[in-house]
Amino acid sequence: MIDPATASSSIARQLTLTGVSVGFGGLKALTGVSIDVRPGEVVAVIGPNGAGKTTLFNAITGFVPLAAGRITLGEERIDGLYPHDISARGIRRTFQNGGLCGHLTVLENILAGLHSEVRSSIVGTVLGLPNARRAEREAVARARSLLSLLDIGRLEQQQAGTLSGGQQRMVEILRAIATNPPLLLLDEPAVGLAPPVRIQLIEIIRRLAKTQNIGVLLIEHAIELVMGVSDRIVVLNYGEKIADDAPAAIRSNKAVLEAYLGHG
Amino acid sequence: MLAQLLVSGVSQGALYALVALAMTVIYRATTVINFGHGDLVMAGAFVVYLLVVLAGAPFLISALLAVVLLFAFGVAVYKGLIRPIMAGPHLALAMMAVAVGYALRGLARVVWGREVLPFPKVLPQGTFMVGPVILAPSDLIVTGSVIATVAILAIVFYATRLGKTAQAVFQSERGAALVGINVSAFQGTMWGIGAAMAALGGILIAPVTLLYPDLAASTLIRAFAAMTLGGFGSFLGAAVGGMLLGLSELLVGAYISSKLIDITAYLIIIGVLLIRPSGLFGRQAVVRV
Amino acid sequence: MADELLIAEKIEAGYPGKQILFGVDFSVRKGEVVVLLGANGSGKSTVLNAVSGFIKPFGGRMLFNGQNIAGLPSHQIFRHGIAQVSQARDLFPDMSVEDNLTLGASQRGAAKAAESRTAVYRDFPRLGERRGQIVRTMSGGEQQMVAIARALMSGPLLLLLDEPSGGLAPKFVDEIAQIMARLKQGGITILMVEQNIKLAFDTADRFLVLKDGTVAERGDVGQGVSQEEIVRTIYL
Amino acid sequence: MQPSIDVTAPPTTGGPSRRIFWIIPLALLGLPFFLNDYTQYIVNLILVYVLVGVGFNIVLGNLGQLAFANAAFYGIGAYATAILLYHYKVPLLLAIAAGSIAGGLAGALVCLPVLRGIRSFYLAIITLAFGELMRWVYINAETWTLGSMGLHVPRPVLFGWVLATEKQKFYLFLVIVTLIIAATSNLLRSRVGRAFMAIRDNELAAASMGVPTALYMVLAFAWSGFVVGTAGALYAVLVRQVSPEAFNLLELIVHFGIVVVGGLGSLAGSIVGAVALTMAPELLRDLPGYEELMIALMMILVLLFLPGGLATLLERATSLFRQTYYRD
């Protein structure tokens, strides 16, 4: 049994985007974007609405094809792969509108995240054979140790849909890292969270990144979270990368300021 | 032979078209598919039966009363039972529609018992010949009534202010609310119209078939087949789909095997949904989920 | 103050299990343009929807011309003279420009509608040229124009605009800016949400910055407010 | 609020509450001593409908698919068993197993449109059509089914013992129903059942967690068909008369009612729902129409005021079920 609290990530691998372009029928959504995310590093992507942030995520997870450029995870090229193949390579994501299964309990959600790691045959399961039950027990134990990472073991029997927004985010993040993926994509993790919870979330994301050596790429609007959590910030505007720097430097970057002021 | 089949097919198809159109009105207004619609058809016929046979009222007045009554019933069902759960899962909406239909069926059976009733012979009997084709006045009346109803519907929907409002709600519920239309009241009206049209369908169908509480099931499936074939949500599709279904049933019965008449509708549903879910005229429709 | 058209007092609103606005206060005076600024998720659109009745506030009062309209269904609020252009525009896609406009005046009778239409075609000549065109086939910028024009058809006392420049290419943003300027000249009262701060400050008299469902900052445009400072408050 | 649970406590999936599977059936063993032949028949019928509800709920409640082929699964199971018993004199248990398997295969077949992306109301309509199509097959495959007259199933014989009375059938049924419920519960409380529910709640998220959604959909449909097919087989043995009209749309509505009234996605709910919807109509059976009214009224009330079904009340009354069954 693996204890996620101590186990390091399965294989630490760096995500590298080189000159990535994505177009939708003549309209360029992304133009020549290069970003890398190293293991244990937290990188935030910000930019005005329509800057191409979500397209960037979709490109990485294989939901839209590239017009140009390449994406690699470690040594392996992943652009052109199917989404589930990319997910199998260890890129896990959370969803902007919440990706939890609302009617399942917290524990069940985490267990669902461990789906591919529970070794039990259907026949053994139906008959309730000892090895199937042992596999379940081990998965439950592992799910519980994951919950204890963020001290939310007491919530395990609650329906995910009844949790507060912050708790749901925590569960979703835990579920995404249940299988020790090398890379975690967070799509607006702070949406709908009260400010104090965001501060908590900063601490959680950083702790997970550093202790599990997971690379984290996140899209976010809540600026105090972005400033607090990131090692680096990438700024997109009209599909182009206009800045890629430490948080403090981004704040005083003239081009970034201009981008937010808007055209007019 | 073929001419005779076509005439009978059109008469049969007109009825399917009418019921399918009624369901389409409700579907377009609320994106709810009314699984209890067959029972509304049955209820319309049953009310007429009660009034004519038991109360001795004249047929036309009874029919009018039945249509009005079912209109009110449709509005009430929407306001009391559908609206409160509109935001809920589609499963609950389907269940509610089924439950309402089932209640109607139970109600009918309370009065009716378990028997099959012959519907009073309210339409003129006998037949006459036009060239090689045998025509029954009842067929003409049925087809004529359906055409008249469809014509009225078309005029209302395409040439009046109410029609513009209806189209507005069909195209964008939020847009309609933005221009000050009371969408909820409108949807209630559409449920009423759908139920009233179902009642009319029942009144026209019952003299042809017999009257029994389970009339609902076969009507419902045939309306589904008509809608599926024509494309869900399309008025033109529902009308054409109904006609084509009526014709196919007769042609299949005559040229292949009469045993296949009953399953033509099922095969159409299965075939169309597997091969071309949008049917003849449908867009990729959005169902309330 | 007598010239205050809309006064929002301690508005609390949101969705079941998810409160978004926590006691928002503001007012809009007759003839003025007020812009709501803030990051995504700060509650800007929710404010507009709470005014127009698309969501029912669960706390606070919304006084329009002195009458509390909080909690009324949206079609009744519309009849009080509040028209909204939503972010998704919510046009009738398979109808012509003219039909869309006519429906915008559907609560006012045919004579008034014809009158408004003439006025709208005068103000938006491009729509006059394309009155027969089906809305679905128009560009994003033109659709935005139809949406604004449709809202004007009811002769509203207050116009709510949700991101008029949202999703539009730069050349259309300029056009929207011109439309805004013209509306302002016409003396209509506007409450709007806008991400593009330059555009917003070109037209607005006053601004509110929302943060996490409360008003974080407010002020008069043109009183030496630094736009960059606002950007920093909101985004950086 | 749920009580907080000690992290070191044994997992709920293996705990002492599993005993309820054996305690309740054992307690029921004495039931026949209090019943006459007619009431015993009703109890047997309830057992059949328990399986109907449990099976239907897998697709409707756990997988969240609006598939209405349940009456078809039920009929296919009943006919498979009846045909084997009537024409081929197959041993009873074998015939019942064949009914179950036929139901399971039908379930897998009905999943095809789901895999083609047909969902929601469209799925409901295509599966309704399938059910009606099957009824036509029963009527027209006269060589095996004897058409609309129906098949008269011979008196069931178990290992040389004639099951002559309702009480004798009861014990056979109790064993089969208990085993199937236990197996279903095992399945639903495992990663398989979790995958079903993950698909129901959020198909995209399920796929992104590495759940092969297509495979699990087929599995859920097949198991649902298997359970309902077994119910059909037991029905054939119980009533000993299998004819097409027993599997029409009205029958389907009763199945639907059991799941709605009992509670979507709740195994315990299906059981309670089956009891409620089988008993109530029997009490009213001399009054035509009241049975339908009663069922419809129960459904409407549940939909408006108790969306979780009777299972919600059960859960409030006792925390036992929450721990015993995977989902309430």
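Letters A, B, ... mirror the listed sequences (proteins, then strands); counts begin at 1.
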Contact summary for B/Gly106 and D/Leu293, nearest pair of heavy atoms: C-CG, 4.0 Å

Can you name the nearest heavy-atom pair linking B/Ala22 to B/Gly194, along with the distance? CB-O, 3.5 Å

Highest number of heavy-atom pairs under 4.5 Å with chain B: which of D/Leu123, D/Val260, D/Ile126? D/Ile126

Tell me, for B/Leu267 versus chain D, whether the close heavy atoms (under 4.5 Å) come from the side chain, the backbone, both or neither. side chain

Segment of D/Leu303 engaging chain B (4.5 angstrom heavy-atom cut-off): both

Lys/Arg-Asp/Glu bridge criterion (N-O < 4.0 Å) met for B/Asp262, B/Arg222: yes

Derivation of the ring pair (Phe, Tyr, Trp, His ring centres under 6.0 Å) call for D/Tyr122 and B/Phe232: CA-CA 9 Å; D/Tyr122 296 98; B/Phe232 262 88; 5.2 Å; yes

Among B/Ile85, B/Leu104, B/Val111, B/Ile270, residue most engaged with chain D (heavy-atom pairs, under 4.5 Å): B/Ile270

Residue among D/Leu287, D/Ile118, D/Leu249, D/Ile300 with most heavy-atom pairs under 4.5 Å to chain B: D/Ile300

Tell me, side chain or backbone of D/Leu128 under 4.5 Å from chain B's heavy atoms, or both, or neither? both

If every non-hydrogen atom of D/Gly64 is compared with every non-hydrogen atom of D/Arg200, which pair is closest and at what distance? CA-CG, 3.7 Å

Check whether D/Leu112 gets within reach of chain B through its side chain, its backbone, both or neither, counting any heavy atom under 4.5 Å. neither

So what's closer than 4.5 Å to chain D heavy atoms on B/Ile221: side chain, backbone, both or neither? side chain

Please flag which part of D/Tyr290 lies under 4.5 Å from any non-hydrogen atom of chain B: side chain, backbone, both or neither. both

So does D/Pro288 get a backbone contact from the side chain of B/Arg109, meaning a donor-acceptor N/O pair under 3.5 Å? no

Classify the angle between the aromatic ring planes of D/Phe56 and D/Phe256 as parallel (below 30°), tilted (30 to 60°) or perpendicular (above 60°). tilted

